[in-house]
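Here the structure is laid out as structure tokens; the discussion comes afterwards.
Both ligands and their constituent atoms are indexed starting at 1 by order of listing. Count residues from 1 along the sequence.
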Amino acid sequence: MKIIIAQDYQELSERASQIVIGLLANKPDATLGLATGSTPVGLYQKLIEKYKKQVISFEKVKTFNLDEYCELAQEHPQSYYSYMHHQLFNHIDITEENINIPRGIGDELTLLCREYNEKLKAATIDLQVLGIGNNGHIGFNEPGTSFDQETFIVELTPETREANKRFFNSIDEVPRYAITMGIKNIIAANKILLLASGVAKAPAIKELIYGKINEKTPASILKKHPDVTVVLDREAASMIK
Ligand code: PGA
């Protein structure tokens, strides 16, 4: 794993954007795996800036998102569909048919899961952007998830619901289930870019870097991947030497 330690969140976002821009310069029709949450917001802002300055275009880019809450309609302000459109897609030249976000609502969730998995397997993700949970999760693959897991419906841990409560009025509004790419789908990407910011992530980063490859820490599987770049700010890196 290549580890980059940035001074602060701004620099982390800039370094991450340079990696994405470098890929798009070589491959304008790249397929990106995208993440939600607080961490990639700065990266997406930088990508919008570079698009507006005509440094990059997303016209031929395809995207696949990691996950989506169940129980929330797409238009709910906290759905990841809304997040992606507000934070990135509405501000760039990507075409709607090139955007893939799992659907977490409907009578046929098992079928939706299978369909998303089939789409993923037919695609090759050139670069997968990841955050990391305080508990070491990637996507919504919570501790204990098999490394062989493909797209599935997951029951979120109390810890993850608590961490995501800040986006909702109360804990009761935080969905209990989500649809997520499995670990097997994630590590099929050609390149992985994991971002972590803030002191709350320091223990998970310490475990990722010094711990054993272990299903209790889903992110630990990344040590087996040949092309992973981890971009941290100083706080997230505060427990590593
Ligand atoms: P965050 O979430 O970026 O909001 O901290 C990361 C994650 O849970 O994977």
ask   = Are the aromatic ring centres of F168 and Y69 under 6.0 angstrom apart?
value = yes
Enumerate donor-acceptor pairs with a distance under 3.5 Å from any side-chain N or O in residues 173-192 to protein atoms, sequence neighbours excluded.
| unit_1 | atom_1 | unit_2 | atom_2 | d |
| --- | --- | --- | --- | --- |
| E173 | OE2 | N169 | ND2 | 3.4 |
| T180 | OG1 | F140 | N | 3.0 |
| N185 | OD1 | T151 | N | 2.9 |
| N185 | OD1 | T151 | OG1 | 3.3 |
| N185 | OD1 | G182 | N | 2.8 |
| N185 | ND2 | N117 | OD1 | 2.9 |
| K191 | NZ | D227 | OD1 | 3.2 |

inquiry  = Under a plain distance cut-off of 3.5 Å, with no hydrogens placed, do E14 and Q10 share a side-chain donor-acceptor pair?
reply    = no
task = Might you work through the side-chain hydrogen bond (donor to acceptor under 3.5 Å, both in side chains) test for S38 and R166, ending with a clear yes or no?
result = CA-CA 11 Å; S38 305; R166 66 192 192 279; 2.6 Å; yes
One line per pair, note the atom names and distance for all nitrogen or oxygen contacts under 3.5 Å between ligand 1 and the protein.
| unit_1 | atom_1 | unit_2 | atom_2 | d |
| --- | --- | --- | --- | --- |
| ligand 1 | 3 (O) | S38 | N | 3.2 |
| ligand 1 | 3 (O) | T39 | N | 2.9 |
| ligand 1 | 3 (O) | T39 | OG1 | 2.4 |
| ligand 1 | 4 (O) | S38 | N | 2.8 |
| ligand 1 | 4 (O) | R166 | NH2 | 2.9 |
| ligand 1 | 5 (O) | K201 | NZ | 2.5 |
| ligand 1 | 8 (O) | H137 | NE2 | 2.7 |
| ligand 1 | 9 (O) | H137 | NE2 | 3.3 |

request  = Verify the neighbour count for atom CZ of R161: are there more than 12 heavy atoms of other residues, nucleotides or ligands below 6.0 Å?
outcome  = yes
ask   = More than 12 foreign heavy atoms under 6.0 Å from CD of E59: is that the case here?
value = no
